[in-house]
Amino acid sequence: MSSAGATAPAEAERTASLLGDWYRRHARDLPWRRPEFLERYGAWGVLVSEFMLQQTPVSRVIPHLAAWLDRWPTPDALATATPAEVVHQWANLGYPRRALWLHRAAGVIAAEHGGTAPREVEALLALPGIGDYTARAVAVFAYGDRHPVVDTNTRRVLARVRHGRAQPGPPSRGDLEDMRRMLPDDREAAAVVNAAMMELGATVCGARSTDCGSCPLADECAWRGAGYPQGEDRRRRQARYEGSDRQARGAALRALRHAPEHRLPADAVLADWPDPAQRDRAIDSLIADGLVEADDAELRLPH
DNA sequence: TAGACGTGGTA
DNA sequence: TTACCAAGTCT
């Protein structure tokens, strides 16, 4: 479908072969890549892993993913949980709105998709918390379909190999087209190319260090060929965390996760926070996001 | 489109 | 110690 009848150029087939050989030899043994994981949890397992991997390092996801799928092995199972249980189980993975989105996505899958994660990219995009990356990752890694999958690792490898730049520019639709041109015709080979580009960016062609001696694309890398020009770094800076509203939100939610019955007197949450206006702002925004409920003079995780 | 949104490891 | 970075998404 996404191939639109196009035949991949010989160049793409050759690069795919290099990437495939390298990937089969050097890919990390990650849980969601194991056949028994796919057999046991299917597309749901892939979907949950991709939610957790959004901006959270692999090493931190692995134990949480196992615990999560042990507790809720299917969308139907998760759909019966309360938001409080979900936010508590999410623990310290960060960006807890993802837990709520995953819970809501499970509800939609249970109600509208017969309890099975959808296969079509459009249907996946319609689920809460699923965007361009996650939708294609599920379609490709769970169902084996032929689509370009573009994450931050892939964008960095494309910037270097194809455009001769040290860092990618702002995300754009062009990224998807760049990656589409890398895909061989064969679906399984195309999935491997997607995975291999991500893996290269994660282990060889990093943001802070590179190991070009280990890279299967070194001979065709435009950045290497040009002598590693630094160019202009247009990456957006991450806002300071210390003293931020985010830090206040994190502290408030952590207190509620650890509290008995996940509830506390309202004036006990962030009681010693140095900036009272910031404290109010943080709690109000948590309520607006559905991560916290105000109940009389108490704050609690939502039921 | 730029900024908000957690948390902890690494240099 | 500070700053960067991590399989993004939403508004």
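Order of the sequence lines sets the chain letters (A, B, ...), proteins ahead of strands, with each chain counted from 1.
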**Q.** 4.5 Å side-chain heavy-atom contact, A/Leu299 and A/Arg263
**A.** no

Q: Please lay out, stage by stage, how A/Arg300 and A/Glu261 fare under the test salt bridge (charged side-chain N to carboxylate O under 4.0 Å, His left out).
A: CA-CA 8 Å; A/Arg300 65 180 191 191; A/Glu261 298 179 56; over 6 Å; no

Q: Start with the C-alpha gap between A/Glu85 and A/Arg71, add the side-chain angles, then the distance that decides, and say whether side chain to side chain contact (heavy atoms under 4.5 Å, CB included) holds.
A: CA-CA 11 Å; A/Glu85 292 174 315; A/Arg71 183 170 184 180; 3.6 Å; yes

Q: Kindly determine whether A/His163 and A/Asp178 satisfy side-chain hydrogen bond (donor to acceptor under 3.5 Å, both in side chains), including the steps that lead there.
A: CA-CA 10 Å; A/His163 301 293; A/Asp178 285 351; 2.8 Å; yes

Q: Could you give the distance separating B/dG9 and C/dT9 at their P atoms, to the nearest angstrom?
A: 25 Å

Q. With the sugar-phosphate defined as primed atoms, P, OP1 and OP2, and the base as all remaining atoms, what B/S/- string results for nucleotides 1-8 of chain C, 5' to 3', for protein heavy atoms under 4.0 Å?
A. --SBBBBB

Q) With ring centroids as reference points, do A/Trp72 and A/Trp44 lie under 6.0 angstrom apart? A) no

Q.
Less than 4.5 Å apart, side chain to side chain, heavy atoms only: is that true for A/Trp223 and A/Arg165?
A. no

Q: Map A/Asp245 and A/Pro171 onto DNA chain B by nearest heavy atom, then report which one ends up closer to the 5' terminus.
A: A/Pro171

Q | Integer-rounded Å distance: C/dT9 C1' and A/Leu100 CG | A | 14 Å

Q: Whole angstrom is fine here: how far is it from CE in A/Met52 over to P in B/dG6?
A: 16 Å

Q) Would you say a side-chain N or O of A/Tyr241 is under 4.0 Å from OP1 or OP2 of B/dG6? A) no

Q: Rounded to whole angstrom, note down the C1' distance from B/dG8 over to C/dC10.
A: 24 Å

Q) Distance between the C1' atoms of C/dG8 and B/dT1, in whole angstroms? A) 15 Å

Q | Spacing of the C1' atoms in C/dC4 and B/dG6 (rounded, Å) | A | 15 Å

Q. Rounded to whole angstrom units, what separation is found between the CZ atom of A/Arg246 and the P atom of B/dG8?
A. 13 Å

Q. Are OP1 or OP2 of B/dG6 and a side-chain N or O of A/Asn92 less than 4.0 angstrom apart?
A. no

Q) Considering only the C1' atoms, how many Å lie between C/dC5 and B/dC5, rounded to the nearest integer? A) 16 Å

Q) Does a donor on one side chain and an acceptor on the other come within less than 3.5 Å for A/Arg28 and A/Thr203? A) no

Q. So, do A/Met197 and A/Leu217 sit near enough that their side-chain heavy atoms are less than 4.5 Å apart?
A. yes

Q: Please list, by residue number, the residues of residues 252-268 of chain A whose heavy atoms come closer than 4.0 Å to an atom of DNA chain B; answer none if no residue qualifies.
A: A/Arg254, A/Arg257

Q | Results of side-chain hydrogen bond (donor to acceptor under 3.5 Å, both in side chains) for A/Arg279 - residues two or more places apart only | A | none

Q) Rounded to the nearest Å, what distance is computed from the CZ atom of residue A/Arg98 to the P atom of nucleotide C/dC10? A) 12 Å

